[in-house]
Amino acid sequence: MIGISSYGAYIPIYRLTQKEIARAWGKRGRGGEKAICNSDEDSITMAVEAALDCIADTPREEVDALYFASTTSPYLEKQSASIIATACDLREDIVTIDFGNSIRASTNAFQAALNAVAAGTAKKVVVVASDCRIAPPNSLYEKMYGDGAAAFMISDSDVAVTITDTYSMTSEFMDVWRKPGDLYPQMWEDRFVSVEGIQKIFPNAIKMAIEKFGTSIKDFDKVIYFAPDSRAHGTLGNLLGLDAEKVQDPMFGVMGNTGTAFSPMMLVAALEQAKAGAKILWTNYSDGCDVYSLKVEDGISNITGRRGIQNHLESKMIIPDYGKYLLFRNLIQVEQRREPDHPTAITMMWRETNQLTRLHGCKCNNCGTIQYPIQRVCTHCQTKDDFAEIRLSDKKGALFTYSINERALAIDPPVVLCIVDLDGGGRFYSNITDRDPENIEVGTRLEMTFRKIHDAGGFHNYFWKVRQIRC
Amino acid sequence: MESIKDKVAIIGMGCTSFGELWDKDEEDLIIDATYEAYEDAGVDSKEIQAAWVGTVGGMCGACLASPLKLDYIPVSRIENACATGYDAIRSAAFAIASKSVDLALVVGYEKCKDEGYGGLPDRYRADKWHPVYGYGRSGPSLYALAATRYFHRYGLSREEGKRTLAKISVKSHYNGARNPKAHLKRVITLEQAMNAPMIAWPLGLFDCCGVTDGASAMIMCREEDAKNYRDDYITIKGFGLCVGPGQGKINTDYDFTHWEETVRASKFAYQEAGIKDPRKEIDMVELHDCFSIAELIAFESLGLCEYGHAKEDIDSGAITQDGDIPVNLSGGLKSFGHPVGASGGREVYEIYKQIQGKAEDPSRQLQNVRMGLAHNQGGHPGKFMCAVCLIGAP
């Protein structure tokens with residue numbers, strides 16, 4: 001039996017309200033908000049969060065492949081999946097693949113994972129979808145786009161959701177596109193895109209799929225489908241003849257349209273509520289359609305403790321003003337500081353991959369002291385070169401002391417510099433991110449989070465920070 | 001091990017005015033400080049047999065030999081973060097004591113204000129630079145880690161903690177305002193210090209020293225030769241230099257509320273000088289107060305009071321000019337200024353003049369100074385290079 005054995009998701013802590021967007025442009029405000037990445041987040045860092053949520057109960061060495069889907073990979077050339085797999089501290093002898101270029105990249109990756117497990121080339125595959133799309137200021141997209149990520153474990157054992165049938169079709173239809181060098185998406189006239197595209201190609205494909213599955217749409221307890229916004233989502237529901245209670249909540253007013261992660265995030269939300277025996281029709285649209293018929297198994301009750309969608313939605317901070325959002329997304333030119341750019345070197349990052357990306361520390365084999373960064377001579381007993389590497393990315397700790405650097409050369413000062421004493425030993429010198437500087441005190445409980453530290457040297461310099469335990 | 005006590009004499013000193021000296025370069029600073037020292041000692045450049053130059057930003061011995069046109073003599077450039085100045089003095093003193101050199105010149109200098117931005121030049125780092133580890137730190141934010149922890153450990157509210165630190169800065173500014181060569185000659189109030197713009201919580205603008213250009217210079221010989229130059233020479237009583245292995249950010253043993261390197265360096269220096277009760281036997285202290293919290297914790301770590309009790313001496317005025325142990329009567333790094341390599345010599349300069357009864361501005365003159373303690377530490381809490389130097393009347 002092949003199917004989903006685990007899931008996870010991530011929604012960044014910051015929300016931008018529709019009211020604040022409207023205020024910035026002198027328009028009448030609507031209700032609702034959308035999730036947006038912090039200045040130190042991108043599709044890779046969100047993918048790491050969702051993947052770690054997904055593999056919380058899985059021994060890392062059991063994962064055989066990691067597939068990453070995004071339309072906003074931080075690199076055009078250079079794999080993202082390899083960075084994500086390393087940050088997740090997976091084995092090196094695994095398959096990593098990036099899927100991209102389409103909202104459907106996530107459901108494409110899901111299909112590929114099913115095929116790999118069915119073919120026996122992998123037993124456990126992590127599929128993680130993540131998007132952080134840049135909307136043009138004062139545009140329709142700006143109201144629609146949100147940021148987030150979702151992950152699934154596809155495996156041949158411990159299956160919680162079986163895949164009873166799949167259907168895919170391709171459709172050459174130009175609706176929304178970005179060329180290399182385009183910062184913002186372009187779209188043909190919205191009437192054409194809706195009437196001839198999503199209102200025709202998508203429902204027709206779903207009908208074809210159901211016919212092929214030999215079932216009826218009424219047999220499903222939940223139907224999940226992509227739509228760019230809430231209005232289009234409503235129209236599509238009517239076209240499919242769905243009862244309102246069978247339509248999975250698309251979370252437009254609380255999260256936004258998260259691109260290729262959107263449909264997977266809706267599936268995670270559905271699975272959080274699903275009971276064994278439920279049937280779910282999971283679909284995705286763009287350049288064609290992917291349709292999956294899913295059946296929730298008894299194993300669903302074994303998936304517990306995930307942060308998933310609901311917990312992440314409840315844990316939020318409202319971004320105080322639109323200007324800060326522009327700053328986070330690098331959409332305004334700010335005063336250039338006179339200080340030289342932070343120095344960096346790929347050779348150093350490479351030499352220290354285990355401690356920087358995997359967040360390994362070391363434990364002295366003689367005295368047991370846990371140390372970070374990795375030492376060659378023990379700080380406690382001076383034993384030389386006798387250490388075991390240990391993963392610290394899953395450790396939590398307490399804030400020992402901190403300071404709030406108002407003058408830091410960072411995108412969004414202040415930088416909260418901190419010393420964290422980790423549960424079980426070890427001390428981590430770090431920054432607190434996703435923070436409210438007014439609400440930090442010695443003793444605050446903290447956890448690790450993989451972030452983009454800066455872009456010096458012309459590449460993304462990733463490393464771990466800490467944050468208050470999120471949820 | 002043999003003590004350095006009374007083996008080496010300081011027979012001449014010079015110190016430039018400190019400040020944002022836009023119209024002077026490092027060579028001007030070196031020449032001005034050195035020629036004041038030559039004149040004070042009554043020696044000629046040609047008599048100098050060897051020289052040491054302490055600088056963090058400058059490079060190699062030629063940075064001293066070139067402007068001074070030294071006569072093809074040995075010149076060593078010393079760098080040890082903010083302990084640079086003392087390390088140069090210490091190196092010269094050992095050469096003198098070993099009798100391999102009879103007359104030595106030590107110059108410390110820094111030209112910080114050619115960078116184009118506020119704060120210390122970015123290249124001055126105690127940590128090896130790293131692409132991502134320690135990102136976003138700065139001198140103030142690293143010292144502020146100690147302030148936060150000190151408040152927490154000793155149960156000071158934010159307001160009490162800020163007020164205690166502010167009193168230190170108010171005192172230092174009061175002292176510096178009366179010192180003709182000081183950088184920040186401005187009296188400030190407690191309210192100004194407490195409400196100043198934040199640099200790195202809990203440290204505000206007046207908790208931090210400025211960024212300063214300046215140089216200091218010293219001429220040294222053996223004690224038995226000192227009388228040939230002057231009667232009121234002073235001698236070195238003890239040195240302590242301690243470089244910590246930088247474990248504070250790694251090892252949970254470190255508490256961030258004491259300076260271990262200062263404890264060790266001062267113990268060593270007290271032993272050399274034969275000091276049993278530093279609070280009683282030392283008449284004045286020039287210590288490393290790059291930040292207000294640095295002064296508070298150094299005062300405790302030097303053994304001048306019990307841990308956690310500096311606040312009582314700050315509140316009682318014990319560390320003011322009229323107190324029993326004046327601290328940073330010069331204005332300190334806070335108000336006199338901190339051109340890194342120059343600071344060690346500058347602190348000795350203050351004690352030297354006080355012992356001689358020649359304090360600039362007579363209102364600053366202390367009575368009967370016999371023993372002074374000078375202290376500098378480079379790096380940051382958990383990773384210091386600390387130097388302590390005791391000097392006194394022979």
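Every chain is numbered from 1, with letters handed out A, B, ... down the list of sequences. No experiment lies behind these values; they were computed from the predicted model shown. Any value given below was found using the heavy atoms of this structure, including those in side chains, with hydrogens, waters and symmetry copies removed.
- Residue with the most contacts toward chain B among A:I419, A:L417, A:N461: A:L417 (heavy-atom pairs, distance under 4.5 Å).
- In terms of heavy-atom pairs under 4.5 angstrom with chain A, the leader among B:A147, B:P121, B:G134, B:G119 is B:G134.
- Between chain B and the options A:Y372, A:F428, A:W464, the largest number of non-hydrogen pairs under 4.5 Å is found for A:Y372.
- Heavy-atom pairs under 4.5 Å with chain A were tallied for B:A146, B:G246, B:P245, B:A144; the largest tally goes to B:A144.
- With a 4.5 angstrom heavy-atom cutoff, B:L203 does not touch chain A via any of its atoms.
- When the candidates B:R123, B:H130, B:E115 are compared by the number of heavy-atom contacts under 4.5 Å with chain A, B:H130 comes out ahead.
- Counting heavy-atom pairs closer than 4.5 Å to chain B, the top-ranked of the candidates A:V420, A:T379, A:L356 is A:T379.
- For the set A:E339, A:R337, A:M348, A:E406, the count of heavy-atom pairs under 4.5 angstrom toward chain B peaks at A:E339.
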Let me see the working for A:K465 and A:E41 under salt bridge (charged side-chain N to carboxylate O under 4.0 Å, His left out), right down to the final yes or no.
-> CA-CA 11 Å; A:K465 293 185 181 177; A:E41 293 184 291; over 6 Å; no

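- No other option in B:Y117, B:F256, B:F151 has as many heavy-atom pairs under 4.5 Å with chain A as B:Y117.
- At a 4.5 Å heavy-atom cutoff, A:E441 makes no contact with chain B through either its backbone or its side chain.
- Within the 4.5 angstrom heavy-atom criterion, atoms from both the backbone and the side chain of A:A410 approach chain B.
- Aromatic ring centroids of B:Y135 and B:Y133 lie 6.0 Å or more apart.
- When heavy atoms are compared at a cutoff of 4.5 Å, B:R158 approaches chain A solely by way of its side chain, counted from C-beta outward.
- Aromatic pair B:F206/B:H173: centroids less than 6.0 angstrom apart.
- Between A:H460 and A:Y75, the distance from one ring center to the other falls under 6.0 angstrom.
- Residues B:H380 and B:K249 come closest through the heavy atom pair NE2-NZ, 2.8 Å.
- Side-chain contact annotation: A:T449 with A:E49, donor-acceptor N/O pair under 3.5 Å present.
- Here the two rings, on A:F450 and A:Y462, have centers that are under 6.0 Å apart.
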